[in-house]
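These figures come from a predicted structure and were not determined experimentally. Chain identifiers are assigned alphabetically (A, B, ...) following the order of the sequence lines, protein sequences preceding nucleic acid strands; residue numbering begins at 1 within each chain.
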Amino acid sequence: MHVEGTPQKIAEDLLAHYDVHARRLPWRAPPGSNATDPYRVWLSEIMLQQTTVAAVAPYFAKFTARWPTVQALAAAEDADIMAAWAGLGYYARARNLLACARAVAQQHDGIFPGDEDGLRALPGVGAYTAAAVAAIAFGRRAVVVDANVERVVARLFAIDTPLPAARPAIRAAADRITPDVRAGDFAQAMMDLGATICTPRNPACGICPLRQDCAAFRTADPAAFPVKVAKKAKPHRLGHGWWIERPDGHVWLIRRPAKGLLGGMRALPSSDWSDAPTAAPPMAAEWKTVSQPVGHVFTHFSLALTVHVAHVANESIPPGEGEWWPLARLEEAGLPTLFRRAADVAMKESETHAP
DNA sequence: GAGACGTGGTT
DNA sequence: TAACCAAGTCT
């Protein structure tokens, strides 16, 4: 009969491994250093929500260079934050980032709350992020449960209840193995383990420091945990985007409504996105249609955006709110990826058919 | 509880 | 190719 790892042994084994193998990441204090800046921890945690380390790294560097403190970030213009976030996705995070920075600057004297409840009350900070910042930045014991921890814990204890129903049991198990000391290291060690060894597919059990503690390791298929229900297929949608260019090198950009998809971001004027979008151009002009639509996959649907190009006079005024943006500085407009790609194909079309 | 909410990399 | 997945939050 195998003796399952005690909670203490699991934490000890994991932290010993972490002491040697911790990933060096830009938002992590160097080994042996206790210098954790809550601002940098918080910023990294927001950026890392549903986003890979590789994608976050350049954005973290850019943000911390431009806005080194929460006060600096709080003083930034909305448009500058949104443009700097462009391409990282989940733009509600950028809106909440600014709201949170301003709340900390104005209501907390620029000092982040040091406990989970205080953090949880801030915009964009949910249960995971509050626990992570409390543990990593403030050394508080907190039960930090993200998708990595869910997977590691489900395997350690062979929890076979499907997600999301398994969440309470997983959380309770995570609570049991969370140590009273080094809570921040423990949380990051669990996430490192999930990201590098206890991966969703083909976990590297052979080099796992917890394999002797792991119930799933003793089954035929450790990767079968956690059990998940199948997701439904994404619908396909169609849409039209309108590239309106002036001979003096400007394009007409709008800003999308603050809420909803790509909310608050600059964009090309576009139709609704549906099975049968309205294809009426925003203004009378000689429109050319780019032959290949821009394909883009969002979280809950995929889109084929047909791009239409028109060259209009310098004096023309498209309908509605918007601004003429200089083509030479298009990168600074901070277009989300869909519209950046639409701009690419539109400009290629303009090149080809220039008068 | 379930759906909205981006993007890019991997399988 | 299509599906799956990533340090989740909000409604």
Side-chain angles (χ1 to χ4, degrees), chain A residues 23 25-28 40-60 82 85-97 99-100 119-137 142-152 162-168 174 184 186-196 198-203 223 226 228-237 256-265 267 273 294-303 334-341:
Chain A
R23 288 182 293 173
L25 300 172
W27 42 87
R28 256 182 208 174
R40 293 168 64 89
V41 173
W42 161 76
L43 179 61
S44 70
E45 289 299 341
I46 301 298
M47 289 184 164
L48 285 162
Q49 290 168 6
Q50 298 289 287
T51 309
T52 58
V53 164
V56 165
Y59 286 85
F60 182 79
M82 300 311 287
W85 197 276
L88 198 55
Y90 283 137
Y91 298 99
R93 291 184 296 173
R95 287 178 257 136
N96 286 330
L97 185 82
C100 181
L119 290 161
R120 180 69 182 79
L122 295 168
V125 177
Y128 160 77
T129 302
V133 174
I136 297 168
V143 183
V144 180
V145 183
D146 74 331
N148 287 303
V149 177
E150 278 186 354
R151 183 170 59 254
V152 171
L163 287 172
R167 294 243 156 83
F186 179 79
Q188 294 178 92
M190 289 286 279
M191 294 190 280
D192 273 17
L193 190 75
T196 62
C198 195
T199 50
R201 285 172 282 194
N202 306 315
K228 295 185 178 180
V229 296
K231 295 175 181 171
K232 15 181 211 184
K234 296 180 202 290
H236 291 82
R237 293 183 186 166
R256 293 178 60 84
K259 292 185 177 179
L261 193 68
L262 308 178
M265 301 299 288
W273 301 341
V294 174
H296 194 73
V297 182
F298 293 100
T299 307
H300 53 296
F301 67 95
S302 59
L303 176 70
L335 293 175
T337 299
L338 166 67
F339 291 112
R340 189 176 49 67
R341 290 188 182 146

Say you pick atom C1' in B:dC5 and the same atom in C:dA6; how far apart are they, in whole Å?
-> 14 Å
OP1 or OP2 of B:dT7 less than 4.0 angstrom from a side-chain nitrogen or oxygen of A:Y91, does that happen here?
-> yes
Rounded interatomic separation in angstrom, taking NZ from A:K234 and P from B:dT7 | 12 Å
Per nearest nucleotide of DNA chain C, the residue lying toward the 5' end, A:L122 or A:E45, is A:E45
Taken to the nearest whole Å, CG/A:D192 to P/C:dA7 is 10 Å
Between B:dG1 and C:dG8, how far is it from one C1' atom to the other, in whole Å?
-> 16 Å
Would you please say whether a donor-acceptor pair under 3.5 Å links the side chains of A:Q49 and A:Y128?
-> no
Look for any protein N or O under 3.5 Å of an N or O in nucleotides 8-11 of chain B and output each such pair with its distance, or none.
from  : atom 1 : to     : atom 2 : distance (Å)
B:dG8 : OP2    : A:R341 : NH2    : 2.9

Which part of the nucleic acid, if any, lies within reach of A:I136 when heavy atoms closer than 4.0 Å are counted: base, sugar-phosphate only, or nothing?
-> nothing
Close side-chain approach of A:T299 and A:Y90, heavy atoms under 4.5 Å | yes
For A:G263, which contact category applies under a 4.0 Å heavy-atom criterion: base, sugar-phosphate, or nothing?
-> nothing
Spatial distance of atom CG (A:L48) from atom CH2 (A:W27) [nearest 0.5 Å] = 4.5 Å
Taking the side chain as C-beta and beyond, is there a heavy-atom pair between A:M191 and A:V149 under 4.5 Å?
-> yes
Once you round to the nearest 0.5 Å, how far does CD of A:Q188 lie from CZ of A:F186?
-> 12.0 Å
Rounded to whole Å, OH of A:Y90 lies from P of C:dA7 at a distance of 13 Å
Over how many whole Å does the gap from A:E150 atom CD to C:dA6 atom C1' extend?
-> 13 Å
Verify the contact: side-chain N or O of A:T129 to OP1 or OP2 of C:dT9, cut-off strictly under 4.0 Å; return yes or no.
-> yes
Please give, in whole Å, the distance from B:dA4 C1' to A:N96 CG?
-> 14 Å
What nucleic acid atoms does A:A127 come within less than 4.0 Å of, heavy atoms only: base, sugar-phosphate, or nothing?
-> sugar-phosphate
If you measure from the P atom in B:dG8 to the same atom in C:dC10, how many Å do you get, rounded?
-> 24 Å
Between A:A147 and A:A233, the residue closer to the 5' end of DNA chain C by nearest nucleotide is A:A233
Most 5' of A:K232 and A:L262 on DNA chain B, judged by nearest nucleotide = A:K232
Residue-phosphate contact under 4.0 Å: A:R120 side-chain N/O, C:dC10 OP1/OP2 | yes
Determine the interatomic distance between C1' on C:dT9 and the same-named atom on B:dG9; round to the nearest Å.
-> 23 Å
B:dC5 phosphate, OP1 or OP2, under 4.0 Å from A:H300 side-chain N/O = yes
Taken to the nearest whole Å, CG/A:L48 to P/C:dA7 is 9 Å
What integer number of Å spans the C1' atoms of C:dC4 and B:dG6?
-> 15 Å
Let me know, please, whether A:K259 or A:P164 comes out on the 5' side of the other along DNA chain B by nearest nucleotide.
-> A:P164
Just by distance, do the side chain of A:R237 and the backbone of A:S302 share a donor-acceptor pair under 3.5 Å?
-> no
Go through the steps for A:F298 and A:H296 under the test ring-ring contact (aromatic ring centres under 6.0 Å, His included), then give the verdict.
-> CA-CA 7 Å; A:F298 293 100; A:H296 194 73; 4.8 Å; yes
Does any N or O in the side chain of A:Y59 come within less than 3.5 Å of the main-chain N or O of A:A86, such that one atom is a donor and the other an acceptor?
-> yes
Is any side-chain heavy atom of A:L193 less than 4.5 Å from a side-chain heavy atom of A:N148?
-> no
Does the side chain of A:Q49 get closer than 4.0 angstrom to OP1 or OP2 of C:dG8 through an N or O atom?
-> no
So what does A:W27 touch, heavy atoms closer than 4.0 Å: a base, only the sugar-phosphate, or nothing?
-> base
Short side-chain N/O contact to C:dA6 OP1/OP2 from A:R151, under 4.0 Å | yes
Which whole-number value in Å describes the distance from A:Y59 OH to B:dG6 C1'?
-> 10 Å
Find the distance A:D146:CG to C:dG8:P and express it as a whole number of Å.
-> 5 Å
Less than 3.5 Å between a donor and an acceptor, one on the side chain of A:R167 and one on the base of B:dA2, is that the case here?
-> no
